[in-house]
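Here's the structure, in structure tokens; my notes come after.
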Protein chains: 2
Amino acid sequence: MTSSKRPPAGVLDRGLWLLSQFSMERKKLPLKELASLSGLDKATALRLLKVLVDWGYLVKNADGSYSPGPSNLRLASIYRATSNTITRIEAPIARISERVGQTTAFFVRSGEERICLARDHAYQDFRYFIEVGGSVSLSEGGAAAQLLMAYSGEAGERHDETRGRGYYISRGERNRHFASVAMPLFESDGQFLGALTITGLAVDLPDDDLIGFVDIVRAEVAGAGLSLSR
Amino acid sequence: MTSSKRPPAGVLDRGLWLLSQFSMERKKLPLKELASLSGLDKATALRLLKVLVDWGYLVKNADGSYSPGPSNLRLASIYRATSNTITRIEAPIARISERVGQTTAFFVRSGEERICLARDHAYQDFRYFIEVGGSVSLSEGGAAAQLLMAYSGEAGERHDETRGRGYYISRGERNRHFASVAMPLFESDGQFLGALTITGLAVDLPDDDLIGFVDIVRAEVAGAGLSLSR
DNA sequence: GATACATATTTCATTGAATGAAATTTAGAG
DNA sequence: CTCTAAATTTCATTCAATGAAATATGTATC
């Protein structure tokens with residue numbers, strides 16, 4: 001298992017690059033694997049890992065493998081406290097999912113990933129996991145990813161279309177049986193914040209229904225001083 | 001405002017050192033302040049900050065200041081998913097706080113800090129905040145901090161006593177009107193996990209009550225395969 | 001309990017990335 | 001528009017980072 005990408009140059013970049021190797025699918029990784037996944041020499045990786053463990057961003061498990069550590073909770077809780085977006089979006093999300101009877105979630109772009117900042121607590125389909133903090137590569141699609149790309153300056157005809165339309169509908173793009181509609185969310189001053197999505201079983205959701213959701217969302221987020229266009 | 005401590009040497013250490021400057025009290029910091037707090041040259045700090053922003057561990061606000069970014073949520077959610085301690089302790093915590101009618105929380109040591117991994121949802125006193133992810137320096141006391149020091153190999157008569165006693169009671173140590181009892185939590189194989197604390201208004205909680213809580217906790221955590229001694 | 005294999009850790013001479021003082025630019029206040 | 005403070009860029013010097021090789025540790029296998 002060799003690395004898919006070349007490792008970055010700087011030491012701090014390399015440390016964070018190591019952290020980026022962890023995911024919900026790869027929660028625990030031994031040195032060997034971290035070295036090969038990251039493309040770093042194992043001695044180099046080992047030195048960086050020591051530092052990350054010292055600071056609590058990773059922990060070294062009894063079996064010698066590494067996994068994310070408690071310091072991440074610390075920063076996450078500060079992040080949550082500063083992000084007024086999260087606090088403001090939670091109430092609208094609850095009302096939207098109530099009204100449409102489907103899963104509602106909010107995503108932001110971070111680098112080449114999309115991260116879930118909030119989701120409703122009501123509709124948990126075991127076939128379709130969305131966790132707060134969960135992230136997937138933008139290239140792995142989904143409505144949220146397409147929308148985030150379109151509204152964060154990505155060029156291309158497909159993205160032009162999305163921007164013109166003001167929403168993006170996907171059917172089975174990321175998860176075979178599901179359909180989603182994603183909408184851009186803007187601060188009152190016009191700043192782009194992220195993507196709000198409504199997802200449910202494809203068989204329950206013809207395109208017309210998904211398009212109809214847009215108006216519901218527009219109405220609900222307005223109460224929090226947010227809008228779907230600049 | 002000059003730095004209290006000398007900055008570490010390695011680049012990765014320095015990057016994480018910068019991250020450690022943020023806290024619930026200092027959620028947003030401009031370059032100037034980060035440089036002086038960390039003791040790093042502002043050019044050096046700026047370069048490191050760029051990297052941290054690129055990876056989403058910090059965000060640069062409109063006013064030029066920095067604060068923790070969404071990538072921390074990503075790692076925090078992986079951490080939460082790997083930490084079976086958190087999942088196992090949540091149910092006992094809920095039952096304990098129910099039985100004793102006070103705030104119950106669980107803390108681990110990370111470096112020179114104590115981080116809250118879990119707390120009950122029942123007793124939220126606005127004068128006594130404990131947030132999941134919240135952290136304070138071990139030196140700033142509190143029962144949890146004293147207990148974590150005693151059980152993570154710290155030397156000293158005070159810590160010997162705590163280890164001998166098997167719990168630590170504080171009255172107004174960290175927060176004037178409150179009293180707490182902290183107990184060590186062990187994995188079934190004897191591994192020390194962290195400190196479980198029960199906190200409430202000092203006037204409601206004579207020492208005898210606090211000591212009585214120990215047996216309740218012992219009984220409740222046993223159900224999750226945890227114990228209060230090796 | 002000895003042997004072999006795989007993974008983790010340490011070492012150290014070489015190299016190139018990190019450094020920070022100074023110069024320059026940008027932004028806000030008056 | 002001018003002044004001041006903060007942010008950013010530059011670049012010659014230096015010191016921390018590097019990684020190949022040697023060594024150690026752990027764990028299956030016979």
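Below, chain A is the first sequence line, B the second, and so on; all start at residue 1. The analysis underlying the following values was restricted to heavy atoms, covering all of them including side chains, and did not include hydrogens, waters or symmetry mates.
The side chain of A:V11 has D:dT18 as its nearest neighbour among D:dA20, D:dT18, C:dA8. Nearest nucleotide to the B:R14 side chain, out of D:dT9, D:dA7, C:dG20: C:dG20. Considering only side-chain atoms of A:L46, the nucleotide from D:dA17, C:dT9, D:dT9 that sits closest is C:dT9.
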Q: Show the numbers, then the answer: is there a side-chain contact (heavy atoms from CB on, under 4.5 Å) between B:L52 and B:Y66?
A: CA-CA 10 Å; B:L52 292 165; B:Y66 297 84; over 6 Å; no
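Here D:dA7 presents its P atom at 12 Å from NZ of B:K50, a figure rounded to the nearest Å. Atom CG of B:D63 and atom C1' of D:dA7 are 13 Å apart (whole Å). A straight line from CZ of A:R47 to C1' of C:dT11 spans 11 Å, rounded to a whole angstrom. Protein atom CG of A:D41 is 16 Å distant from nucleotide atom P of C:dT15, rounded to whole Å. Remark: P of D:dT8 and CG of B:L48 are 14 Å apart, rounded to the nearest angstrom. The interatomic distance linking B:K32 (NZ) with D:dA7 (C1') rounds to 11 Å, in whole Å. In this structure, A:L12 places its CG atom 17 Å from C1' of D:dT18, rounding to the nearest Å. To the nearest angstrom, C1' of C:dT7 lies 13 Å from CG of A:L34.
If you check distances only, the side chain of A:K42 does reach the base of C:dT9 with a donor-acceptor pair under 3.5 Å.
Summary of the strand contacts: A:A9 and B:A62 both lie near DNA chain C, and taking for each the nucleotide with the nearest heavy atom, the more 5' one is attributed to A:A9.
Annotation: side chain of B:E140 is in contact with side chain of B:R174 (closest heavy-atom distance under 4.5 Å).
Residue A:G10 is classed as a sugar-phosphate contact, given heavy-atom separations below 4.0 Å to backbone atoms only.
With hydrogens and angles ignored, the 3.5 Å screen pairs a side-chain donor or acceptor of A:S38 with a backbone N or O of A:L34.
Between B:E131 and A:R80 there is no salt bridge, since no side-chain N of the basic residue sits under 4.0 Å from a carboxylate O of the acidic one.
Side-chain polar atoms of A:Y168 and A:E173 form a donor-acceptor pair below 3.5 angstrom.
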